[in-house]
Structures are given as structure tokens and as C-alpha cells.
Undergrad: 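Here's a structure for you.
None of these values were measured; they are calculated from a predicted model.
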Amino acid sequence: MRRIIVSLLVAAVVSLPAVAQKVCAHRGYWQCPEAGYAQNSIASLRQAQENGFWGSEFDVHLTADSVVVVNHDPSINGISIHTSTYRELLKTHLPNGEFIPTLNEYLHQGAKSACMMVLEIKPQDTVEATLELARRCVWQLKAHGLLDPERVMFISFSYEACKWIAANLPGFHNQYLEGVVEPEQIAADGINGIDYHFIAFHKHPDWVERAHALGLTVNVWTVDSPEEMRYLKDLGVDVITTNRPDLASE
């Protein structure tokens with residue numbers, strides 16, 4: 001009798017429908033020798049495009065002369081992006097030898113494949129500067145033929161930036177990065193997704209059910225093991241963002 005019960009349970013698990021999972025490269029395919037270990041580099045984006053990722057996440061900032069550049073931190077090698085001109089930033093290099101790329105250069109590479117461009121609008125020194133960054137990103141995406149919900153997804157720690165995207169591009173994926181705003185308020189403001197670090201998310205697995213009940217999508221970063229990947233797939237997380245290139249096919 002016990003053997004019959006176990007067999008029925010196994011059959012029930014096997015028959016569960018597979019989750020259509022989207023896996024995103026965190027700051028490009030950068031934690032691998034081929035990409036030169038340089039996050040947000042064009043080489044890393046190229047590797048993400050060529051190695052089976054649904055999307056590639058990258059970060060943008062605005063220079064003092066209003067050039068949009070791709071970099072995670074607000075400084076590079078000790079030089080502030082927000083208070084420097086792009087010409088001044090050319091005095092330094094990324095760890096793989098590249099110059100810090102402009103968004104225009106990054107999107108030129110991004111347009112070469114169907115890999116989703118997951119664009120993180122970094123909060124700038126003021127709300128006005130953050131919204132100006134958002135506007136310039138939209139202009140450049142349009143110029144590269146990438147202003148399409150099937151080609152670009154927006155994320156930001158800036159709630160104002162997310163609200164701006166919701167008001168101006170309501171049909172686009174638009175996720176707020178782990179703030180204190182409740183899902184109900186996020187949905188009411190027209191923002192259609194939430195994005196959490198795995199450590200924070202792991203403590204609140206009910207967030208997926210809450211978000212999905214409101215029509216919100218859920219992205220979880222940074223996922224660094226097959227066990228974490230399987231755990232999130234079982235919960236029905238919509239997008240999983242990882243630093244591990246080998247997890248793209250998990």
C-alpha cells in the first residue's frame with residue numbers, strides 16, 4: 001500500500017506543467033574568461049547574446065554633459081560619472097580594457113540579436129536628473145529600433161522613474177527594484193512588476209502569489225546556484241537573473 005501511495009505522489013509531481021522560465025544575465029555574461037570579467041562591457045553583452053540567455057541586464061548613468069553611459073556604479077576607477085564629462089571618463093578603462101561604453105554603443109551591439117535588453121535606470125543625484133536619464137534612454141532605444149516591449153524591459157530603484165515609464169510607456173515591462181512600496185500600491189501606480197534580490201526574496205516566498213494576483217511580474221536576482229534556480233522555478237518566478245553563465249540552460 002505504501003509503495004502505491006509513493007508511486008502516485010511521484011506521478012503527480014512529474015505531471016505538473018513546466019514553468020516557462022526566462023533567464024537573464026546579470027550585467028552581461030561577465031563572470032567568464034571569454035568576456036574578460038568586465039561587467040556591463042560590450043564583450044559581456046556579446047557573450048550573453050551568443051550563449052542562450054533570454055535577456056541581458058545593464059545599468060545606465062548620465063554624465064555631466066548629458067551622455068548616457070553603461071556602468072553599474074556611479075563612478076569608475078574613482079572618477080565620478082555624474083560630475084565628469086564623457087571625454088574625462090575616457091581617461092580610464094574597464095577591467096577588460098574597453099572604454100566605458102555609451103548607451104548608443106551598447107545598443108548598437110544589442111540590436112544584433114533578439115536578446116531582451118533589461119535596462120536598469122540608476123537613480124541619479126536628483127529626481128530631475130533621473131527622469132532626464134529615462135527620457136534619453138527612450139530616445140536612444142527608439143533610434144536603434146529597440147523601443148519595443150518584445151526587445152526591452154525597464155527596471156529601477158527609483159520609484160519616480162518607474163512611474164514615469166508607466167505613464168509614458170504603459171505597454172512595457174517595468175519593474176520596481178525591492179523598495180518598501182507594497183505590491184498593491186505598485187499596481188495602482190501602473191507599474192507592472194517587482195524585482196528582488198534572492199536573499200530578500202527567499203524570506204518572503206508569498207510575494208510571487210501576491211504579485212501575480214495583481215497582474216505583476218516577478219524578477220529575482222542574483223541567483224548563483226542550480227538549487228536556487230530550481231527553487232524559483234518551482235515558485236513560478238517570471239524572470240531569474242544570474243551571475244552564473246552556466247545556469248542559462250538550467
Undergrad: If I take atom CE from residue Met117 and atom CD from residue Gln109, how far apart are they, to the nearest 0.5 angstrom?
TA: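 It is 8.5 Å, given to the nearest 0.5 Å.
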Undergrad: How many angstroms lie between atom CZ of Arg27 and atom OG of Ser56, to the nearest 0.5 angstrom?
TA: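 Interatomic distance, Arg27 CZ to Ser56 OG, rounded to 0.5 Å: 11.5 Å.
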Undergrad: Are there over 12 heavy-atom neighbours, none belonging to Glu209, within less than 6.0 Å of that residue's CD?
TA: no
Undergrad: Give me each pair satisfying ring-ring contact (aromatic ring centres under 6.0 Å, His included) with a member in residues 102-145, each pair once, sequence neighbours excluded.
TA: Phe58-Tyr106
Undergrad: Tell me if a side-chain donor or acceptor on Ser156 pairs with a main-chain N or O of Ile121 at a distance below 3.5 Å.
TA: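 Pair found, side chain donor or acceptor close to backbone of Ile121.
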Undergrad: So, do Trp221 and Asp195 sit near enough that their side-chain heavy atoms are less than 4.5 Å apart?
TA: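 Touching, per the 4.5 Å side-chain cut-off.
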Undergrad: Side chains of Asn219 and Cys24: closer than 4.5 Å at any heavy-atom pair?
TA: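 No, every pair of side-chain atoms sits at 4.5 Å or beyond.
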Undergrad: Does some side-chain heavy atom of Lys233 sit less than 4.5 Å from a side-chain heavy atom of Arg230?
TA: no
Undergrad: Is a side-chain N or O of Glu57 found less than 3.5 angstrom from the main chain of Thr241, in a donor-acceptor match?
TA: no
Undergrad: Compare every heavy atom of His61 with every heavy atom of His72, then report the nearest pair and how far apart it is.
TA: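 That closest heavy-atom pairing would be O-NE2, 3.2 Å.
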Undergrad: Has Asp238 got a side-chain atom pairing as donor or acceptor with Val218's backbone, closer than 3.5 angstrom?
TA: yes
Undergrad: Any chance you could measure Leu89, atom CG, to Asp65, atom CG, to the nearest 0.5 Å?
TA: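 Rounded to the nearest 0.5 Å, the CG-CG separation comes to 8.0 Å.
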Undergrad: Using a 4.5 Å cut-off on heavy atoms from C-beta on, say whether the side chain of Tyr231 contacts that of Val220.
TA: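 When only atoms from C-beta onward are counted, Tyr231 and Val220 do not touch, as no gap falls below 4.5 Å.
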Undergrad: Would you kindly confirm whether Ile165 and Leu146 end up in one hydrophobic cluster when ILVMFWY residues are joined by side chain heavy atoms under 4.5 Å apart?
TA: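 Result: yes, single cluster for both.
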Undergrad: Does Lys91, at its NZ atom, have more than 12 non-hydrogen atoms belonging to other residues, nucleotides or ligands within less than 6.0 Å?
TA: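 Counting other residues, nucleotides and ligands, NZ of Lys91 stays at 12 neighbours or fewer.
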Undergrad: Assess the side chains of Tyr159 and Asp189: does a donor N or O sit below 3.5 Å from an acceptor N or O?
TA: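 Checked: Tyr159/Asp189 side chains pair up, N/O donor to acceptor below 3.5 Å.
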Undergrad: Do Asn96 side-chain atoms and Tyr37 backbone N/O form a donor-acceptor pair below 3.5 Å?
TA: no
Undergrad: Could you tell me which non-hydrogen atom of Val23 sits nearest to which non-hydrogen atom of Thr242, and how far apart they are?
TA: CG1-CG2, 3.9 Å
Undergrad: Take a 6.0 Å sphere around CD of Glu227 and say whether it holds more than 12 heavy atoms from other residues, nucleotides or ligands.
TA: yes
Undergrad: Quick one: are Thr126 and Glu128 in side-chain contact, heavy atoms under 4.5 Å?
TA: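 Yes, their side chains come closer than 4.5 Å.
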Undergrad: Tell me, do Asn104 and Val67 make a side-chain contact under 4.5 Å, heavy atoms counted?
TA: no
Undergrad: Which atom pair, heavy atoms only, marks the closest approach of Ala25 to Phe53?
TA: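 For Ala25 versus Phe53, the nearest heavy atoms are N-CD2, 3.5 Å.
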Undergrad: Check Gly110 against Leu45 and note the closest heavy-atom contact, atom names and distance.
TA: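 Result for this residue pair: N-CD2, 3.8 Å.
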Undergrad: Kindly say whether Ala43 contributes a backbone atom to a donor-acceptor pair with the side chain of Glu98 at under 3.5 angstrom?
TA: yes
Undergrad: Checking the side chain of Gln175 only, and the main-chain atoms of Ile155 only, is there a donor and an acceptor separated by less than 3.5 Å?
TA: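 Looks like no, no N/O pair under 3.5 Å.
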Undergrad: Check this for me: does any side-chain nitrogen of one of Arg210 and Glu182 sit under 4.0 Å from a carboxylate oxygen of the other?
TA: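 Salt bridge present between Arg210 and Glu182.
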Undergrad: Would Val138 and Phe172 count as a side-chain contact (heavy atoms from CB on, under 4.5 Å) if you check the C-alpha gap in whole Å, the side-chain angles of each, and the deciding distance to 0.1 Å?
TA: CA-CA 12 Å; Val138 169; Phe172 282 73; over 6 Å; no
Undergrad: Is a side-chain donor or acceptor of Thr130 paired with a backbone partner of Gln124 at a separation under 3.5 angstrom?
TA: yes
Undergrad: Run the side-chain contact (heavy atoms from CB on, under 4.5 Å) check on Asp73 and Asp59 step by step: do they pass?
TA: CA-CA 8 Å; Asp73 297 314; Asp59 315 280; over 6 Å; no
Undergrad: Quick one, Thr63 and Ser84 - any side-chain contact, counting heavy atoms below 4.5 Å?
TA: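 Of all side-chain heavy-atom pairs linking Ser84 with Thr63, none is under 4.5 Å.
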Undergrad: Tell me the closest heavy-atom pair linking Val70 and Val60, and the distance in Å.
TA: CG2-CG1, 4.3 Å
Undergrad: Could you tell me the separation between the CG atom of Leu247 and the OG atom of Ser225, rounded to the nearest 0.5 Å?
TA: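 Nearest 0.5 Å value for the CG-OG distance: 7.0 Å.
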Undergrad: Examine Phe154 together with His173 and report whether their ring centres are nearer than 6.0 Å.
TA: no
Undergrad: Please answer whether the main-chain N or O of Leu141 pairs with a side-chain N or O of Arg151 as donor and acceptor at a distance below 3.5 Å.
TA: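 Not a single qualifying donor-acceptor pair exists.
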Undergrad: Do the side chains of Phe99 and Ile42 join up, straight or via other hydrophobic residues, at under 4.5 Å, putting them in one cluster?
TA: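 Hydrophobic grouping puts Phe99 apart from Ile42.
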Undergrad: Any side-chain heavy-atom pair from Ile100 and Tyr86 closer than 4.5 angstrom?
TA: yes
Undergrad: CG of Asn71 to OG of Ser41: how many Å apart, nearest 0.5 Å?
TA: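 Answer for the CG-OG pair, Asn71 versus Ser41, is 10.5 Å.
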Undergrad: When clusters are formed by joining ILVMFWY residues with side-chain heavy atoms under 4.5 Å apart, either directly or through shared neighbours, do Tyr196 and Leu177 land in the same one?
TA: no
Undergrad: Looking only at non-hydrogen atoms, find the nearest pair between Pro95 and Ala38 and report the distance.
TA: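 Reported closest heavy-atom pair: CD-CB, 4.3 Å.
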Undergrad: Do the side chains of Trp207 and Val239 join up, straight or via other hydrophobic residues, at under 4.5 Å, putting them in one cluster?
TA: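 They do not share one cluster, since no chain of ILVMFWY contacts under 4.5 Å joins Trp207 to Val239.
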Undergrad: Quick one: pull up CD1 in Ile79 and CD in Glu88 and give me the separation to the nearest 0.5 Å.
TA: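 Going from the CD1 atom of Ile79 to the CD atom of Glu88 covers 8.0 Å.
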Undergrad: Examine distances only and state if a side-chain atom of Asn77 and a backbone atom of His93 form a donor-acceptor pair shorter than 3.5 Å.
TA: yes
Undergrad: Please step through side-chain contact (heavy atoms from CB on, under 4.5 Å) for the pair Trp30 and Gln47, ending with a clear verdict.
TA: CA-CA 8 Å; Trp30 64 280; Gln47 289 294 322; over 6 Å; no
Undergrad: Assigning hydrophobic clusters by single linkage (Ile, Leu, Val, Met, Phe, Trp, Tyr; side-chain heavy-atom cutoff under 4.5 Å), is Leu147 placed with Leu131?
TA: yes
Undergrad: Any sub-3.5 Å donor-acceptor pair from Glu178's side-chain atoms to His197's backbone N or O?
TA: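 Looks like yes, one N/O pair under 3.5 Å.
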